[in-house]
Amino acid sequence: MKNISILGSTGSIGTQALEVVSESRDALNIVGLTTNTSIDLLEKQIEKYSPEIVCVMDGNAALTLEKRLKTRGSLVEVVTGLEGLIAVATISKNDLLLTAVSGMIGLQPTLAAINQGIDIALANKETLVAGGKIVMDAAASNGVSLLPVDSEHCAIFQCLMGNKHKEIERIIITASGGPFRGRNLEQLQSVTLEQALKHPNWSMGKKITIDSATLMNKGLEVIEAKWLFNLRQDQIDVVVHPQSIIHSMVEFIDHSTMAQMGMPDMALPIQIAFFYPDRIANNRQALDFNRIRELTFEEPDLISFPCLQLAYDALEASGTMSCVLNAANEVSVARFLNKEIHFCDIPRINRMVMEKHDVISTPTLDDILSVDKWARQIAIAIK
Ligand code: NDP
Ligand code: MG
């Protein structure tokens with residue numbers, strides 16, 4: 001039996017991961033769960049999965065849950081704040097930690113788990129975007145596996161099985177194009193929050209859904225792929241593939257290209273990370289090639305969707321620039337969700353914060369944390 005803790009168990013990935021645990025017939029055991037504020041759902045998860053420890057990020061919500069659990073005679077330990085997240089991440093019983101919080105709040109708990117030698121199933125791409133080198137170095141020196149849960153990276157991971165790193169020519173990350181695919185800059189001026197929240201193929205948390213509409217999600221994935229697979233940025237291409245059937249591809253030096261295909265369902269990448277190196281049977285839907293009439297491909301439109309270009313620019317600038325882009329984007333997306341700014345302000349704010357930043361080329365963790373804080377302050381203040 002494998003002991004697993006989940007950071008962000010009440011989110012889209014977290015709840016799907018718990019379904020995989022339920023379907024695993026006792027092969028997986030839950031040790032710790034966490035939420036930001038969703039204590040009603042967390043309480044149900046505690047009842048069903050009997051964790052030893054839970055973290056509620058919000059202090060008041062943590063107190064409320066603690067009281068409720070006490071009246072029920074529950075023995076679950078309730079912790080709170082970043083320290084609480086780190087406590088769940090590093091509990092010594094963990095064989096694997098699924099990092100499925102949204103945003104760069106995942107960085108420190110993930111690093112702490114790595115430093116305890118705990119393997120990581122990584123959904124939280126912002127962790128690698130902000131702290132890529134530090135995280136990868138820590139994983140290497142602790143002999144820890146970083147198993148990608150992002151569907152594109154899981155696809156690349158599968159295509160690379162049995163192949164050598166030096167034989168990679170390039171990777172091709174697929175993108176659905178989001179709800180505004182095909183629109184030009186002028187047409188994007190009139191899009192609304194409600195339209196941006198309607199993703200054509202995937203049901204996900206709000207932040208990543210907006211990132212998918214701006215193509216920032218693809219940009220963050222380019223940076224994530226650079227670190228996970230140790231690639232140069234000129235080896236990472238993006239192609240728009242609206243059907244989301246091919247989850248990504250690897251082209252080798254002999255120009256043979258491997259693609260991983262499947263229905264758009266995050267249960268598969270989660271399951272692969274949980275059971276690696278084994279594959280296990282499941283009852284999920286298989287591809288039906290009699291129904292899939294076509295697989296199509298388009299070049300991404302970097303003029304209408306500048307966030308993808310910003311990610312390449314951040315990689316070019318290297319050092320702390322990706323951290324700055326991520327922090328600016330977390331703030332601009334939150335402001336858009338709050339209806340303070342327009343959709344097209346997201347790339348504008350992200351770019352302006354990047355332009356103000358003096359890169360630190362080999363940052364420490366403290367540098368990353370202070371640059372993140374700085375970039376958020378700038379992004380909040382831009383009109
Ligand atoms: P959700 O918003 O659905 O869930 C996020 C989870 O993290 C929730 O449990 C939430 O608690 C918790 N959380 C949010 N903010 C904080 C915080 N500041 N401190 C502590 N906990 C917090 O996100 P998703 O599940 O969609 O995405 C999670 C991560 O996985 C993201 O990094 C995303 O990019 C990545 N990912 C997601 C995919 C998807 O299909 N959803 C696909 C590939 C990657 P609460 O319930 O209280 O809000
Ligand atoms: Mg993805």
Side-chain angles (χ1 to χ4, degrees), residues 5-19 32-45 54-62 64-65 79-89 98-110 120-130 148-157 173-176 178 197 199 201-212 215-225 228 238 241 244 246-248 260 264-270 273 326 329-331 333-334 337 372 376:
S5 287
I6 302 178
L7 303 184
S9 63
T10 53
S12 163
I13 292 288
T15 50
Q16 293 179 82
L18 285 173
E19 279 174 32
L33 298 174
T34 83
T35 187
N36 190 15
T37 57
S38 307
I39 51 172
D40 293 346
L41 178 54
L42 183 62
E43 201 177 353
K44 287 187 189 134
Q45 293 179 345
V54 297
C55 173
V56 183
M57 191 69 182
D58 181 86
N60 289 330
T64 309
L65 179 69
V79 290
T80 187
L82 180 60
E83 272 178 30
L85 280 186
I86 292 173
V88 173
L98 170 62
T99 308
V101 289
S102 170
M104 110 97 158
I105 189 75
L107 176 62
Q108 288 178 84
T110 305
I120 307 292
L122 191 69
N124 175 241
K125 61 195 86 189
E126 295 91 342
T127 283
L128 273 188
V129 172
V149 172
D150 214 343
S151 58
E152 295 76 5
H153 304 73
C154 175
I156 293 160
F157 184 70
I173 300 179
T174 53
S176 71
L197 283 171
H199 194 278
N201 302 342
W202 299 94
S203 158
M204 310 177 285
K206 282 186 181 169
K207 195 261 176 183
I208 184 176
T209 303
I210 302 304
D211 285 345
S212 300
L215 287 202
M216 188 71 259
N217 183 50
K218 222 34 65 178
L220 298 177
E221 289 180 357
V222 166
I223 300 172
E224 184 187 10
L228 274 175
V238 171
H241 164 50
S244 296
I246 295 180
H247 297 304
S248 278
Q260 186 266 332
D265 179 354
M266 288 307 295
L268 179 66
I270 292 167
N326 177 68
N329 185 62
E330 285 194 32
V331 170
V333 170
L337 285 169
D372 172 80
R376 283 168 199 268

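When a ligand or atom number is given, it counts from 1 through the structure's own listing order. All values below were derived from every heavy atom in this structure, side-chain atoms included, with hydrogens, water molecules and symmetry-related copies excluded.
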Next on the checklist: Using a plain distance cutoff, I'd like to know if Ser151 has any nitrogen or oxygen under 3.5 Å from a nitrogen or oxygen of ligand 1.
Outcome noted: no

Checklist entry - Counting only N and O atoms by type, is there a donor-acceptor contact under 3.5 Å from the side chain of Thr80 to the main-chain atoms of Ala62? => result no

Checklist outcome for this item: for atom 3 (O) of ligand 1, nearest protein heavy atom and its distance come out as Ser12 N, 2.8 Å

Next on the checklist: Give me the atom names and distance for the closest heavy-atom approach of Leu98 to Ala17.
Outcome noted: CD2-CB, 3.4 Å

Item to check | Lys/Arg N to Asp/Glu carboxylate O, Lys207 vs Asp211, below 4.0 Å | outcome: yes

Checklist entry - Can you name the nearest heavy-atom pair linking Gly106 to Thr127, along with the distance? => result C-OG1, 3.3 Å

Item to check | Inter-residue atom distance Ile105.CD1 - Met57.CE, 0.5 Å rounding | outcome: 3.5 Å

Next on the checklist: Give me the residue, atom name and distance of the protein heavy atom closest to atom 25 (O) of ligand 1.
Outcome noted: Ile13 N, 2.9 Å

Checklist entry - Do the side-chain N and O atoms of Asn217 and Lys125 include a donor-acceptor pair separated by under 3.5 angstrom? => result yes

Checklist outcome for this item: The protein heavy atom nearest to atom 35 (C) of ligand 1 is Ala123 O, 3.1 Å

Checklist entry - In the protein, which heavy atom is nearest to atom 32 (O) of ligand 1, and how far is it? => result Glu126 OE1, 2.6 Å

Item to check | From the candidates Thr34, Leu220, Asn36, Thr127, the one that places a heavy atom nearest atom 11 (O) of ligand 1 | outcome: Asn36

Checklist entry - So is there a nitrogen or oxygen of Ser203 less than 3.5 Å from a nitrogen or oxygen in ligand 1? => result no

Checklist entry - Can you name the nearest heavy-atom pair linking Ala175 to Val238, along with the distance? => result CB-CG1, 4.2 Å

Checklist entry - Do ligand 1 and Gln16 have nitrogen or oxygen atoms that lie under 3.5 Å from each other? => result no

Checklist outcome for this item: Of all protein heavy atoms, the one nearest atom 47 (O) of ligand 1 is Thr37 N, 2.7 Å

Checklist outcome for this item: heavy-atom search around atom 34 (O) of ligand 1 in the protein gives Lys125 CE, 3.1 Å

Checklist entry - Which atoms form the tightest heavy-atom contact between Gly84 and Cys55, and what is the distance? => result C-SG, 3.6 Å

Checklist entry - Any nitrogen or oxygen of Asn124, main chain or side chain, under 3.5 Å from a nitrogen or oxygen of ligand 1? => result yes

Item to check | Residue portion contacting ligand 1 (non-hydrogen atoms closer than 4.0 Å) for Met204 | outcome: both

Checklist entry - Of Asp40, Asp265, Ile208, Val101, which has the heavy atom at the shortest distance from atom 31 (C) of ligand 1? => result Val101

Checklist outcome for this item: Per side chain to side chain contact (heavy atoms under 4.5 Å, CB included), Val129 is matched among Asn124, Asn326, Asn329 by Asn326

Checklist entry - In terms of atom number and element, which parts of ligand 1 are under 4.0 angstrom from non-hydrogen atoms of Thr10? => result 8 (C), 9 (O), 11 (O), 45 (P), 46 (O)

Item to check | Where ligand 1 meets Met57 - atom numbers and elements under 4.0 angstrom, heavy-atom basis | outcome: 19 (N), 20 (C)

Checklist entry - Rounded to the nearest 0.5 Å, how far apart are CG of Asn60 and CD1 of Ile39? => result 10.0 Å

Item to check | Exercise: identify the closest heavy-atom pair between Met104 and Glu330 | outcome: N-OE2, 2.7 Å

Checklist entry - Are the side chain of Asp150 and the backbone of His153 linked by a donor-acceptor contact shorter than 3.5 Å? => result no

Next on the checklist: Can you report which non-hydrogen protein atom sits closest to atom 26 (O) of ligand 1, along with the distance?
Outcome noted: Gly205 N, 2.8 Å

Checklist entry - Are any side-chain N or O atoms of Lys206 and backbone N or O atoms of Ala334, one a donor and one an acceptor, separated by less than 3.5 Å? => result no

Next on the checklist: Tell me whether Gln45 contacts the main-chain N or O of Ser9 through its side chain, where contact means a donor paired with an acceptor under 3.5 Å.
Outcome noted: yes

Checklist entry - If you take all heavy atoms of Thr35 and Thr10, which pair is closest and at what distance? => result OG1-OG1, 2.8 Å

Item to check | Under 3.5 Å donor-acceptor, Gln108 side chain and Leu82 backbone | outcome: no

Checklist entry - Considering distance alone, does some N or O of Asn217 sit under 3.5 Å from an N or O of ligand 1? => result no

Checklist outcome for this item: the protein heavy atom lying closest to atom 4 (O) of ligand 1 turns out to be Gly11 CA, 3.1 Å

Item to check | Test of proximity, Asp150 against ligand 1: N or O pairs below 3.5 Å | outcome: no

Next on the checklist: Short of 2.8 Å from the Mg ion (ligand 2), name each protein N/O/S atom, waters not counted.
Outcome noted: Asp150 OD1, Glu152 OE1, Glu221 OE2

Item to check | Close-contact set for ligand 1 against Gly8 heavy atoms, below 4.0 Å | outcome: 6 (C), 7 (O), 9 (O)

Checklist entry - Can you list the atoms of ligand 1 that are under 4.0 Å from a heavy atom of Ala100? => result 5 (C), 6 (C), 7 (O), 28 (C)

